[in-house]
Amino acid sequence: MLISMTLSAFAQIPTELEEIQFSGDIDHRLPTIGGNTVGNDETISIFTLSDGTALGFSNLGQLNGADVDAYHVSDSCGAALYSLDSTAEVSGTVMRPADIFASFGSKILDAQAEGISDGVNIDATSRDPDTCDVVFSVDIFTELDGTTYEPNDLIAWNDTDGFSLFRESNFTGDIDAVHILEAGRLLFSVASDTDLFDLVAQDEDVIEQIPSGPGSFFVLAFSPSAFDNSWQVTDLDAVWAQRAPLAGVFQWETPDVEVFENAGSVSVSVERINGSEGSIDINWTTLADTATDGADYTGASGVLTFADGATSGPVTITLLNDALVEGTEEFIIRINTVSGTGIIGDPRDVRVIIRDDEDFIFADSFEN
Ligand SMILES: [Ca+2]
Ligand SMILES: [Ca+2]
Ligand SMILES: [Ca+2]
Ligand SMILES: [Ca+2]
């Protein structure tokens, strides 16, 4: 019961983002170190959330007024993805609004070859990290392989299986930018201000959709209008994001451990759940309870380092034996702090219960 409550509370936390890349539909400004950068509809801005500054770039060459309206960074699945809002030549190849292409001019999804009608614009694209399928959205009702899709649908495509529905939306509107995260989460933007029940999304906002039970809820993930008011009239029309590492939750593997006083030492492990990315330091310390530091155990504190990917680490405390008949005594080992974006879980304290071996005639015969 406690475990499921902890997990569901964790599931409500919006994804922490490290970097976000996006494009607008008209000229706009963003803060840089010591000034501003001016972007246009072709520009992709790289925004670093830790320092709140942007860097703009445009690597498709002269597009004769065409707007980059869909974008995804190259990743382990393949090359970067781009789409335009009107026909333009890129590296000598004519790109139509429903084509998705790599920056060097080769088509990834060829609209004519796949039977997409003239007049349809692909206005958002991403890749599904689980399948590497291209995921996209269209700007009008569109028939693909006999199925009609809406402007707020997300459509998956690969060379072998063709088109399929990736995600249906429960709101009325047009998705014009998308980035698929893990575990059913995604980021998107809308083409015009849209009521999402939990909030009203402006067209420059990036919204996170988080699955929750049979449904989902929406939170504002990022809004460039918080940094420059030129975005109040600019539509964010393409998005890609890098989430922060999932450092995980750190807790004892058990709430208590029982040991005989003549055991010499006691070892308990800290476990790492809900993520294992990055190196994290756990600061721990012993706290006396009915057991006495220096008489029943050697009090200690220390740093336990979890390497990137490590999910368990032991803490060992020395026990001191005596020949007194004193009954069961206890002390605590506490997780004090966790470095970086690591989270302290439950249990934070492990209770060490020392059984007095003087109660046991046979055990006693081995002492002293
Ligand atoms: Ca654009
Ligand atoms: Ca397009
Ligand atoms: Ca759309
Ligand atoms: Ca938008």
Side-chain angles (χ1 to χ4, degrees), residues 20-30 37-47 54 56-60 63-72 80-90 93-103 107-112 114 116-126 134-142 144 148-157 163 165-169 171-180 186-192 194 196 201 203-204 206-207 209 224 230-231 233-240:
I20 189 158
Q21 299 192 17
F22 52 90
S23 183
D25 69 330
I26 55 171
D27 291 359
H28 52 266
R29 274 188 316 269
L30 277 168
T37 181
V38 176
N40 60 28
D41 59 357
E42 299 169 10
T43 314
I44 308 288
S45 289
I46 302 174
F47 195 87
F57 73 94
S58 175
N59 60 0
L60 293 179
L63 295 175
N64 297 319
D67 171 14
V68 174
D69 71 348
Y71 172 65
H72 184 79
L81 305 175
Y82 293 85
S83 186
L84 307 178
D85 76 328
S86 56
T87 302
E89 225 174 81
V90 178
T93 306
V94 174
M95 299 299 177
R96 295 179 177 79
D99 286 330
I100 295 175
F101 58 94
S103 57
K107 293 191 186 190
I108 307 284
L109 191 167
D110 184 328
Q112 286 191 328
E114 296 296 330
I116 303 178
S117 306
D118 287 348
V120 173
N121 177 26
I122 286 180
D123 57 3
T125 193
S126 184
V134 170
V135 175
F136 66 94
S137 179
V138 288
D139 69 334
I140 53 172
F141 281 73
T142 302
L144 301 168
T148 299
Y149 296 98
E150 300 182 30
N152 59 8
D153 285 335
L154 295 175
I155 305 157
W157 175 84
F163 301 103
L165 181 65
F166 181 82
R167 179 84 61 95
E168 206 170 16
S169 295
F171 57 85
T172 305
D174 177 9
I175 290 176
D176 73 345
V178 67
H179 179 85
I180 312 296
L186 58 86
L187 301 170
F188 67 95
S189 183
V190 287
S192 56
T194 301
L196 299 177
D203 64 1
E204 74 275 22
V206 176
I207 306 294
Q209 184 175 13
S230 63
W231 281 90
V233 292
T234 305
D235 173 23
L236 181 150
D237 62 5
V239 70
W240 177 90

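Along the sequence shown, residues carry numbers from 1. Just follow the structure's listing: the first ligand is 1, and inside any ligand the first atom is 1. The shown structure was predicted, so the numbers you read here are calculated from the model rather than taken from an experiment.
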*asked:* I'd like the atom name of the N/O/S atom in Asp69 lying closest to the Ca ion (ligand 2).
replied: OD1
*Please determine if the Ca ion (ligand 2) has an N/O/S atom from Ala98 lying under 3.0 Å away.*
no
_Just checking: Pro97, one of its N/O/S atoms, less than 3.0 Å away from the Ca ion (ligand 2), yes or no?_
yes
*Mind reading off the angle at the Ca ion (ligand 3) between the OD1 atom of Asp123 and the O atom of Pro151, rounded to 10°?*
160°
*Closest approach to the Ca ion (ligand 3) by Asp174, given as the N, O or S atom name*: OD1
_Glu42 near the Ca ion (ligand 1) via N/O/S, less than 3.0 Å_ = no
*Output yes if Val138 passes the N/O/S-under-3.0 Å test against the Ca ion (ligand 3); output no otherwise.*
yes
*Give me the ring orientation class for Phe171 and Phe188: parallel if the planes are under 30° apart, tilted from 30 to 60°, perpendicular past 60°.*
parallel
*Flag the pair Phe136 / Tyr149 as yes when their ring centroid distance falls below 6.0 Å, and as no otherwise.*
no
*Should Ile44 and Ser23 count as side-chain neighbours, where that means a heavy-atom distance under 4.5 Å?*
yes
_Using 30° and 60° as the class boundaries, would you call the ring planes of His72 and His179 parallel, tilted or perpendicular?_
parallel
*Does Ser23 bring an N, O or S atom to under 3.0 Å of the Ca ion (ligand 1)?*
yes
*Using only N, O or S atoms, tell me which atom of Asp67 is closest to the Ca ion (ligand 1).*
OD1
_Angle subtended at the Ca ion (ligand 2) by Ser83 OG and Asn121 OD1, rounded to 10 degrees_ = 140°
_N, O or S of Val68 under 3.0 Å from the Ca ion (ligand 1)_ = yes
*From Ser137, does some N, O or S atom reach closer than 3.0 Å to the Ca ion (ligand 3)?*
yes
*Please round to the nearest 0.5 Å and tell me the distance separating atom CG of Asp176 and atom CG of Asp69.*
8.0 Å
*To the nearest 10 degrees, could you say what angle the Ca ion (ligand 1) makes with OD2 of Asp237 and O of Gly24?*
80°
_Minimum-distance atom from the Ca ion (ligand 1) among N, O or S atoms of Asp41_ = O
*Test item: Asp99 side-chain N/O and Ala111 main-chain N/O as donor-acceptor pair under 3.5 Å*: yes
*Indicate yes or no: at least one non-hydrogen side-chain atom of Thr172 is less than 4.5 angstrom from one of Thr194.*
no
*Spacing of CG belonging to Asp41 relative to NE2 belonging to His28, to within rounding of 0.5 Å*: 9.0 Å
*Working to the nearest 0.5 Å, report the span between OG1 of Thr43 and CG of Leu60.*
10.5 Å
*asked:* Regarding Leu84, does it place an N, O or S atom less than 3.0 Å from the Ca ion (ligand 2)?
replied: yes
*If you take all heavy atoms of Ala88 and Leu84, which pair is closest and at what distance?*
CB-CD1, 3.8 Å
